[in-house]
Every structure is written in C-alpha cells, then in structure tokens.
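Worth knowing before you read on, the calculation uses all heavy atoms, side chains too, and leaves out hydrogens, waters and symmetry mates. All ligand and atom numbering here is 1-based and tracks the order in the structure.
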Amino acid sequence: MTYDDNNIFAKILRGELPTKKIYEDEYALAFPDISPQAPVHVLVIPKGKYISATDFGAKASPTEITGFYRALSHVAKLLNVEASGYRIICNAGPDSQQMVPHFHAHILGGRKMGHILAPKD
Ligand code: 5GP
C-alpha cells in the first residue's frame, strides 16, 4: 500500500483544510477530532507520510519516533487529563476501522470509559 497524498490529514498538514491547532512542532500536529467521542478527543499526527502505526514503526527514523511520542505525551499534559486519566488509540487496518490512512493517535478523556473494547455483539 502506498501513501495517499490526498487523505484528509495530509490536506490538514498542507494547510488545505482548516483546523484548530492545539499543538505543533517539527514532528507532530495535534487538532480536535471533528466528531468527538468524549469531552476530550484530540488527534495527534506525525508530519511524515506514514499510513499506520505499523508503517510508522517500520519506516520512521528514531528521531521522528521520539519526537512524535514526546509530542503525544506533551499534548496529554496540555489537555489536562493526566490526573483524571486518558486513553490513546491508534487504529490500524480494516478490523480496527481505521478511516484515515495517515498514522494518527486519538487522545480521549474527560469521562469514564469502558475497559479497552466495547463488548462483542
Ligand atoms: P480513524 O478511524 O482513522 O482512527 O479515525 C479518524 C478520525 O478522524 C475519526 O475519529 C474522524 O472523526 C476524524 N476526522 C475525519 N475527518 C476529519 C476532518 O476533516 N477533521 C478532523 N479534525 N477530524 C476528522
């Protein structure tokens, strides 16, 4: 699978679609999810062109990986959810229902969440 330059997050990174920047540095951009699933729901994306967590882990440089993870934990601090708790979700591939093929982490918080996954149906 090749990276799709026309995915929504690529367009946000290029400034072609508007978003409210919560945090930005050399490695990452954080912005609110358009369809929040919790009082706090923010997406953190790397600046590089990576499709999924697997792709990022395999191809990103150690500097990019460290930079991204530091940004992720910094954003959790900015969002003020450290004490109450939060969840980081990275969907990858069809079973996870990943919709946007640019690697991203969801930070969710501000309410009590179920443990790990919704029940099986
Ligand atoms: P995924 O299912 O790929 O892990 O999550 C993609 C997320 O991107 C979804 O939670 C969805 O609400 C969010 N999203 C989709 N389009 C946009 C958009 O144009 N702007 C923002 N801020 N979020 C989006």
Side-chain angles (χ1 to χ4, degrees):
M1 194 174 167
T2 51
Y3 181 83
D4 173 12
D5 274 312
N6 286 318
N7 78 73
I8 290 164
F9 296 168
K11 288 181 181 175
I12 286 176
L13 274 175
R14 291 196 296 268
E16 294 166 13
L17 288 178
T19 194
K20 180 186 159 214
K21 284 182 192 174
I22 289 176
Y23 177 75
E24 182 172 21
D25 65 19
E26 193 182 340
Y27 304 105
L29 174 68
F31 53 91
D33 195 290
I34 205 168
S35 174
Q37 304 298 308
V40 172
H41 188 172
V42 167
L43 299 167
V44 187
I45 67 175
K47 293 238 166 135
K49 297 179 179 185
Y50 301 104
I51 298 167
S52 66
T54 318
D55 193 37
F56 185 67
K59 295 184 191 151
S61 69
T63 311
E64 286 176 295
I65 292 171
T66 306
F68 177 75
Y69 205 90
R70 289 221 194 281
L72 190 58
S73 52
H74 181 67
V75 172
K77 268 190 208 295
L78 288 180
L79 296 171
N80 227 2
V81 287
E82 266 203 305
S84 52
Y86 62 95
R87 180 169 296 160
I88 293 172
I89 294 177
C90 300
N91 292 319
D95 275 356
S96 74
Q97 305 206 42
Q98 180 181 2
M99 293 188 306
V100 181
H102 180 110
F103 173 47
H104 52 280
H106 299 249
I107 298 180
L108 295 140
R111 72 164 166 88
K112 191 96 175 159
M113 291 173 267
H115 186 246
I116 307 199
L117 289 177
K120 290 183 208 164
D121 46 31

Atoms of ligand 1 close to [X] [distance to a heavy atom under 4.0 angstrom, numbered from 1]:
X    : answer
S35  : 12 (O)
N91  : 1 (P), 2 (O), 4 (O)
H106 : 1 (P), 4 (O), 5 (O), 7 (C), 10 (O)

Students should be able to answer this: which protein heavy-atom is nearest to [atom], and at what distance?
atom                    : result
atom 6 (C) of ligand 1  : H104 NE2, 3.6 Å
atom 12 (O) of ligand 1 : D33 OD1, 2.5 Å
atom 8 (O) of ligand 1  : F9 CZ, 3.4 Å
atom 22 (N) of ligand 1 : P32 O, 2.8 Å
atom 3 (O) of ligand 1  : M99 N, 2.6 Å

### Summary
Heavy-atom closest pair (T2 atom, I51 atom, distance to 0.1 Å) is C-CD1, 3.8 Å
#### Entry: Shortest non-hydrogen contact between V81 and G110, atoms and distance
CG1-N, 4.2 Å
### Query
Got a second to check how far I107's CD1 is from D33's CG, nearest 0.5 Å?
12.0 Å
Record the part of [X] in heavy-atom contact with ligand 1 below 4.0 Å; permitted values are side chain, backbone, both and neither.
X   : answer
I34 : both
Q37 : neither
S96 : neither

Looking at ligand 1, does any of its N/O atoms fall within less than 3.5 Å of an N/O of [X]?
X   : value
Q97 : yes
I8  : no
F31 : no

Is there a side-chain contact between [X] and [Y] (heavy atoms, below 4.5 Å)?
X    : Y    : result
P101 : M1   : yes
L43  : H106 : yes
L78  : Y23  : yes
I65  : F68  : no

#### Entry: CZ/R70: more than 12 non-hydrogen atoms of other groups inside 6.0 Å
no
### Task
With H102 as reference, evaluate F56, Y50, Y3 under the ring-ring contact (aromatic ring centres under 6.0 Å, His included) test and give the passing residue.
Y3
### Task
Apply the test salt bridge (Lys or Arg N to Asp or Glu O under 4.0 Å) to residues E24 and K47: give CA-CA distance (whole Å), side-chain angles for both, the deciding distance (0.1 Å), then the verdict.
CA-CA 9 Å; E24 182 172 21; K47 293 238 166 135; 2.7 Å; yes
### Query
So, does L43 sit close enough to ligand 1 that a heavy atom of it is under 4.0 Å from the ligand?
yes
